[in-house]
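Atom set for the values below is all heavy atoms of this structure, side chains included, hydrogens, waters and symmetry mates excluded. Since we're looking at a predicted model, the values are computed, not measured.
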Amino acid sequence: MSPTVTTSSEANGNVSAATARAAASAAATAEAEGPQPVTMAKALNTAMADAMQADPSVLVFGEDVGMLGGVFRITDGLTKTFGEQRCFDTPLAESGIVGMAVGMAMNGMRPVIEMQFDAFAYPAFEQIVSHVAKMHNRTKGALKLPLVIRVPYAGGIGGVEHHCDSSESYYAHTAGLKVFTPATVADGYRMLREAIDSDDPVMFMEPKKLYWSKDMVDLEELREQHSANVAAGTSSEGRAAVARPGTDATLIAYGPSVPTALAAAAAAAEEGRSLEVIDVRTIVPFDDETVSASVRKTGRAVVIAEAHGFASVSSEIVARIQERCFHYLAAPIRRVTGFDVPYPAPKLEHYYLPSVDRILDAVDDLQWED
Amino acid sequence: MSPTVTTSSEANGNVSAATARAAASAAATAEAEGPQPVTMAKALNTAMADAMQADPSVLVFGEDVGMLGGVFRITDGLTKTFGEQRCFDTPLAESGIVGMAVGMAMNGMRPVIEMQFDAFAYPAFEQIVSHVAKMHNRTKGALKLPLVIRVPYAGGIGGVEHHCDSSESYYAHTAGLKVFTPATVADGYRMLREAIDSDDPVMFMEPKKLYWSKDMVDLEELREQHSANVAAGTSSEGRAAVARPGTDATLIAYGPSVPTALAAAAAAAEEGRSLEVIDVRTIVPFDDETVSASVRKTGRAVVIAEAHGFASVSSEIVARIQERCFHYLAAPIRRVTGFDVPYPAPKLEHYYLPSVDRILDAVDDLQWED
Amino acid sequence: MTISANHTAHDPGPQTVNADPVAEAVRKFGITVEDYMLPARHQIQMVDPGGRLKPDSEQGTEPGHEYPLPGAEELLAAYEQLVIGRRVNDQNSALVRQGRMAVYPSSHGQEACQVAAALCLSEGDWMFPTYRDSVAVMARGVDPVQTMTLFRGDWHSGYDPMKHRVGIQCTPLTTQLLHAVGVAHAAKLRGENTVVLAMCGDGATSEGDFHEALNFAAVFHLPVVFFVQNNKYAISVPLAHQSVAPSLAHKAVGYGMAGERVDGNDVVALLAVLDRAVKLARDGSGPLLVEANTYRMQAHTNADDATRYRQDSEVAEWLAKDPVSRMKTYLTGRGLLDDETDFRIAEKAEAIATRLRDGLGEDVPVDPQDLFRHVFASPTPQLLEQSAMLADELAREESSGEGAK
Amino acid sequence: MTISANHTAHDPGPQTVNADPVAEAVRKFGITVEDYMLPARHQIQMVDPGGRLKPDSEQGTEPGHEYPLPGAEELLAAYEQLVIGRRVNDQNSALVRQGRMAVYPSSHGQEACQVAAALCLSEGDWMFPTYRDSVAVMARGVDPVQTMTLFRGDWHSGYDPMKHRVGIQCTPLTTQLLHAVGVAHAAKLRGENTVVLAMCGDGATSEGDFHEALNFAAVFHLPVVFFVQNNKYAISVPLAHQSVAPSLAHKAVGYGMAGERVDGNDVVALLAVLDRAVKLARDGSGPLLVEANTYRMQAHTNADDATRYRQDSEVAEWLAKDPVSRMKTYLTGRGLLDDETDFRIAEKAEAIATRLRDGLGEDVPVDPQDLFRHVFASPTPQLLEQSAMLADELAREESSGEGAK
Ligand SMILES: Cc1ncc(C[n+]2csc(CCOP(=O)(O)OP(=O)(O)O)c2C)c(N)n1
Ligand SMILES: Cc1ncc(C[n+]2csc(CCOP(=O)(O)OP(=O)(O)O)c2C)c(N)n1
Ligand SMILES: [Mg+2]
Ligand SMILES: [Mg+2]
């Protein structure tokens, strides 16, 4: 029943906001046949276009998503292709955007809305927590809320304050929201299509530093896979991916941290240590099975996330593993997360972000001598 | 250097919103000498009055806090005593209240503001996360933000939806906020005074079901203790309390769950099991020392909180314990938390809330046979 | 003073300023765009507190702000709903006192607003009510006992919003106005003829979502009628601490929409103003804002103590403006209401009160598994696990003879 | 049409409607409260785009909306700041192109607004700027290099807000308006004579915090001047998609405050309008709202591509309204500016540009421990632990010869 989930990704460095333009032109290139180097931006853009093509009730709106194609150009071309009624700009008000989307979803539409940056979704927090998350429940399912809230999140792009928050824990803690975060280009396409198809509201967290990362991907194949999955009634929701198999310890990461974890695993391999890397993919629902199986196998785990560690998704992952794998653990589970400080200014973000070295330090600490 | 922290509390059942009136009259009674039965409501009210008396820059405002004394009557009498300039109603807008308080704190005041209910603080989320938490940091300390945001939180009072959220994890996860939550009447006084004295912004989470719980407390003594602590430069910030000593396992709880944990410990004692109960008191900063010392001693732990468990303060506590006490643990740390569902309607909340039985079940699960 | 409606003296005004109703009013009456958008000088009042029809010249109407008297049939239907609404309010308050319901925010004294809000809409239209608008919800056709589910505490909402096109009664203030905007927007995109009535109180107008909702509706030119029941209090906070604007209806011009204020205890004027607003909206005017001047006769809810913040004399003043008795006097005077009809109406109201007493008297069993059942359309493994945990716990309790507490 | 300012035809209006300036204007000019609160029919413009002083009768002034010409000294000071502002904008844009700064939201074309915002304030007053208001911040006296810290990326803000009473340049839109309200409220409670200028853009007026800030300021009757630079775009979104109100200044009446619109490229008119607004506010009028019609001549920031959403012809139109050259022509024509003075001013501007080039050329070392140092006034054990962890990590890197990346 579970579809195949494959992953691959390039570790990629910091990119300046100015490269948005490059992403735009990449997103605009015509589709070639077979596997091609495709950016995450292009995959997300294609997923929206395909969903809009497939279902006229799919609408895209937000700030600057129309003519401009979004500040990251993820919605590039959608207004041109589908018209101003299907992809349009709103007044500058995030609570307004989410609240209007709730009403539209109540009335037969499937809105896919963009919050311009992580921290600029906070004005919509009440709508998200008190309505988006609860509407289905409080009406005993009479009202479905098929709504996708796309949030470019996390750092590593040298952005000024309020442009680099890792806000996934706020949503993951809110009962009634599903929380997806792709780490590979293929997952960008696959997971966004699934989010749009879902009858549940999905917080779709897009690691903005990966917008311009490229994988070799065949979009046409992904499209066909998606159709096949829909026909079969399957979905990759709730499935973590083994991004790299290994035997000595498990690195558990999601979104922007997956490439870093893979790079760490590659470096460890050179030192003769075999690390398995799990890409969580959907934080809610969480794939306990895959994560537990890996940790039971390796006996050691490091959880990696950019967000502040305190009371976060990474705390949850640690808690779940120790609940489920206690007797298999050879060492305490370590966390490599952002520090519990406001996201720093560009020149300091390097010190804040989980790095390959910091992950390897944590792995070294896993009491190998015992 | 650390002041004495003593705790005592009554487990108390559900109370209807209508008993606000009773609390009001209790809060209005004149102070008697020596230890008296005092409600949490009275302790909080007295703490604000004393702080306003001590420092003219302390202001109280919010919705209905003036003439009405707040919907829970916690600010009862403050307008009458200190005038409309010191305690006043605002227009009905939570972002406005917090944002205005930020400006006032920048300009020499020490605002103590009330959010009427947990879920009604969400409109202020952007102000809290993007400004309250960050102002001191982004100005390299040039601007201090002595600001207390009082939030009546959690359930157990039979309230309708949006009136019973446990929202502490959102704030605890936000770098730059301190998060206090008293569980005893004495702590209600002590911790609110300390929060008001603090030069850092404090989310002061008041377990609303404990507003009408009474302890034997000598307010005058607490007042003197507070003065002595101020003179000595000490504070109970960051200190957990051993609410009940024990040897077999540790129950870790805070706010509304402390009385439930104490009741569970009492029940366990009858069955011959000695449980230590830790009252976390300040979630941020967290008292690793006290918690770790207890778990190292007992080797078993259950973390209890009303909030949804996923990606929460309780996840964090589990993660911290396993990081610090791994080799002392005889069994996986268990959590007894609210389910990951929206807070239920009054007639169902009983099934949602951590109960004595559910805690005892978790204790039973701590692999005693091993 | 005539004021141009241009953003600057040079640029042409934005598109909707030239939209039909405004342009037409401007042309027809020689008034300015501001005159159209600002409320008329006085609130619209047709029947005075004594139940007398006011002369046309004293109803507060003006060029561009004209309101014909609603028809007799509509007025009688409104009266019937007024009587029912009052009965429902009083019955529910009694049920709360008897402990059969946890809380009830009564609209006693605001029944004219409640009734007009329901009657001005057609079947395909939508209503977005607040916690205080139970009478409007019932007047729209929702089952009384289902309406009360929220306040009884069995579940967050007891009715299916799709069935009568009524949003669930909303607690987080003004958040529902944006849902109304979204529903209208979706309908407009599909070319449907739907009008949406979005309700809130005077206090709620201070919230940011109020601003965002009105602006979105105006910019997208949507058929939404914003209906503010200005009952002078937000719990304990009087209007003067909420706004110092000349009126709440004066906010409309700031969004480029028309505003009007109306006597909220005069159901005749309310129907006239709301019927026209709904018609204008349906015909493509874009949104409108209607402020009804009324009064919350009772405490905010049963948990509130209104003596702490207002004088009895103020309440007494408003008692003299009662919407129900006023309408009765008026209809009787016009010969539209006789004792027999009045008795028949009272019987209907009593039947509904009985249905409420019976329905809320029953102790409907709740199912703990409902906690998990409706969180998602497609559940998570985590919830299935938690659901099993609870089931197991309850089964153990059951078998150990304790039963649920 | 005269419109009464009462909430209802019966109730007396709220307190501030009777506050002095309004009552006085109403009495003196025989105008209505709405006439006072609504902006004048046309924007206020004193010097036309060609640099000619307009005749009094064509300046857009009206009874209750009268603005005397500012004095020569103030005008010359304004011109100096205009020239400096333009130079600063161009220098910073160049520094961004050279990679010495990450981003710079230029106010090129809006310098008249920037300068007037700083000059209208007294020393004890406060300013709350946005990310686009760097020129205003510098004109208020903040060190240019410190102002640019945010955009260079060393830290979130480089200056001490208390020193010049300038809030840090704010990114989350309109949130700072509420801080302005709070600062004014605190000052008022202490009986201080402080006026606060709160700045935002046209797009920002759509946010809920805009609404809440204006309403709080009005209800608490605070000396805040809200100054909206309507530069016609919010990134790519044109004004017409942001608001369909007759003007943004028309929002004022909805809060019970006075609104005015002014040519935002005419520093003479801006000074006249803002000086009066500040004086009214200081004298106790309560808050005011001033909308300046201007234009963002360049892209939103260097990361933006304005060709995607607007025509060159539109930009060219506004080039002809340039605030700097307009003022130069005007002052020269009036004999207030000669070549020598102009040269001296240009030199001053160049000196500041040099200071920016030098200051931003230096590679100021950052201290990783600053991550932890300023989070709290009194640090948590957790942060001390994390700080030690990083110190240890860096020490190990250092000793392993790698150094920090
Ligand atoms: C966002 C939010 N803040 C606060 C509350 C608490 N609250 C419930 S009703 C109310 C007063 C509302 O007054 P108004 O809008 O005038 O409506 P009324 O109750 O008078 O009908 C308040 C403050 C809430 N429900 N939602
Ligand atoms: C709350 C919030 N939402 C979104 C953004 C992203 N953003 C930055 S500037 C901007 C446009 C602002 O336009 P306007 O208020 O007209 O000011 P201008 O840039 O034209 O000076 C947007 C959408 C933000 N900074 N804050
Ligand atoms: Mg009200
Ligand atoms: Mg703009």
Side-chain angles (χ1 to χ4, degrees), chain B residues 13 16-21 24 63-73 76 84 88-97 116-117 119-120 122-124 126 157-163 308-310 337-352 355-358 361, chain C residues 96 99 102-103 131 149-157 171-175 201-210 234-238 241-243 300-305 308-310 364 366-372 374-375 380 382-383 386-387 389-390 393-394 396-397 402 404-405:
Chain B
S16 122
T19 49
R21 231 166 300 164
E63 292 159 9
D64 301 289
V65 299
M67 279 232 271
L68 186 65
V71 293
F72 293 106
R73 308 293 187 265
D76 191 37
E84 286 192 353
F88 55 87
D89 294 333
T90 64
L92 215 173
E94 293 78 10
S95 187
I97 294 167
Q116 199 159 82
F117 285 87
F120 305 143
Y122 300 151
E126 181 185 34
I157 62 158
V160 293
E161 57 169 357
H162 312 299
H163 289 75
H308 316 309
F310 201 88
T337 68
F339 296 118
D340 292 316
V341 307
Y343 195 86
K347 297 209 175 165
L348 287 154
E349 72 178 352
H350 159 71
Y351 300 105
Y352 173 89
S355 61
V356 167
D357 286 348
R358 211 171 278 166
D361 283 353
Chain C
V96 168
V103 65
Y131 51 89
T149 298
L150 166 65
F151 302 114
R152 174 158 65 172
D154 307 24
W155 200 254
H156 308 296
S157 179
T171 299
L173 295 165
T174 68
T175 52
D202 49 318
T205 66
S206 296
E207 291 278 5
D209 274 7
F210 176 85
I235 308 187
S236 72
V237 180
H241 290 181
Q242 208 63 248
S243 172
H300 175 69
T301 66
N302 45 299
D304 180 37
D305 174 8
R308 281 184 160 246
Y309 52 82
R310 71 183 186 189
V364 187
V366 292
D367 179 356
Q369 286 300 332
D370 274 347
L371 280 185
F372 308 99
H374 310 291
V375 180
T380 65
Q382 283 71 37
L383 283 185
Q386 294 175 20
S387 155
M389 225 173 82
L390 179 60
E393 176 183 309
L394 294 175
R396 279 184 291 118
E397 268 181 28
E402 279 180 61
K405 272 186 222 170

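Both the backbone and the side chain of B/Val341 come within contact range of chain C, each with at least one heavy atom under 4.5 Å from a heavy atom of that chain. Contact annotation for B/Phe339: both backbone and side-chain heavy atoms come within less than 4.5 Å of a heavy atom of chain C.
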What verdict does the salt bridge (charged side-chain N to carboxylate O under 4.0 Å, His left out) test give for C/Arg308 and B/Asp64, after you've listed the backbone C-alpha separation in whole Å, the side-chain angles of each residue and the deciding distance to 0.1 Å?
CA-CA 11 Å; C/Arg308 281 184 160 246; B/Asp64 301 289; over 6 Å; no
Begin from the C-alpha positions of B/Asp361 and C/Arg396 and carry the test salt bridge (charged side-chain N to carboxylate O under 4.0 Å, His left out) through to its verdict.
CA-CA 11 Å; B/Asp361 283 353; C/Arg396 279 184 291 118; 3.1 Å; yes
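Between B/Tyr351 and C/Leu394 the shortest side-chain heavy-atom distance falls below 4.5 Å. C/His241 is not listed as a side-chain neighbour of B/Phe88, based on a closest heavy-atom distance of 4.5 Å or more. A 4.5 Å side-chain heavy-atom check between C/Leu390 and B/Arg358 finds at least one atom pair inside the cut-off. For the pair B/His163 and C/Thr171, the minimum side-chain heavy-atom distance is below 4.5 Å.
Rounding to the nearest 0.5 Å places CG of C/Asp367 at 8.0 Å from CG of B/Leu348. Between the NE2 atom of B/His162 and the OG1 atom of C/Thr175 there is a distance of 7.0 Å, given to the nearest 0.5 Å. To the nearest 0.5 angstrom, C/Asp370 atom CG is 13.5 Å from B/Lys347 atom NZ.
By number of non-hydrogen pairs under 4.5 angstrom with chain B, the leading residue of C/Met389, C/Arg152, C/His374 is C/Arg152. By number of non-hydrogen pairs under 4.5 angstrom with chain B, the leading residue of C/Tyr131, C/Phe372, C/Phe151 is C/Phe372.
C/Gln386 contributes a side-chain N or O that, together with a main-chain N or O of B/Asp340, makes up a donor-acceptor pair within less than 3.5 Å.
With C/Ile235 as reference, B/Leu68 is the one residue of B/Leu92, B/Leu68, B/Asp89 to meet the side chain to side chain contact (heavy atoms under 4.5 Å, CB included) rule.
The environment of CD in B/Glu84 is sparse: at most 12 heavy-atom neighbours from other residues, nucleotides or ligands sit within 6.0 Å.
Across B/Pro91 and C/Ser206, no two heavy atoms sit closer than the pair CB-OG, 3.8 Å.
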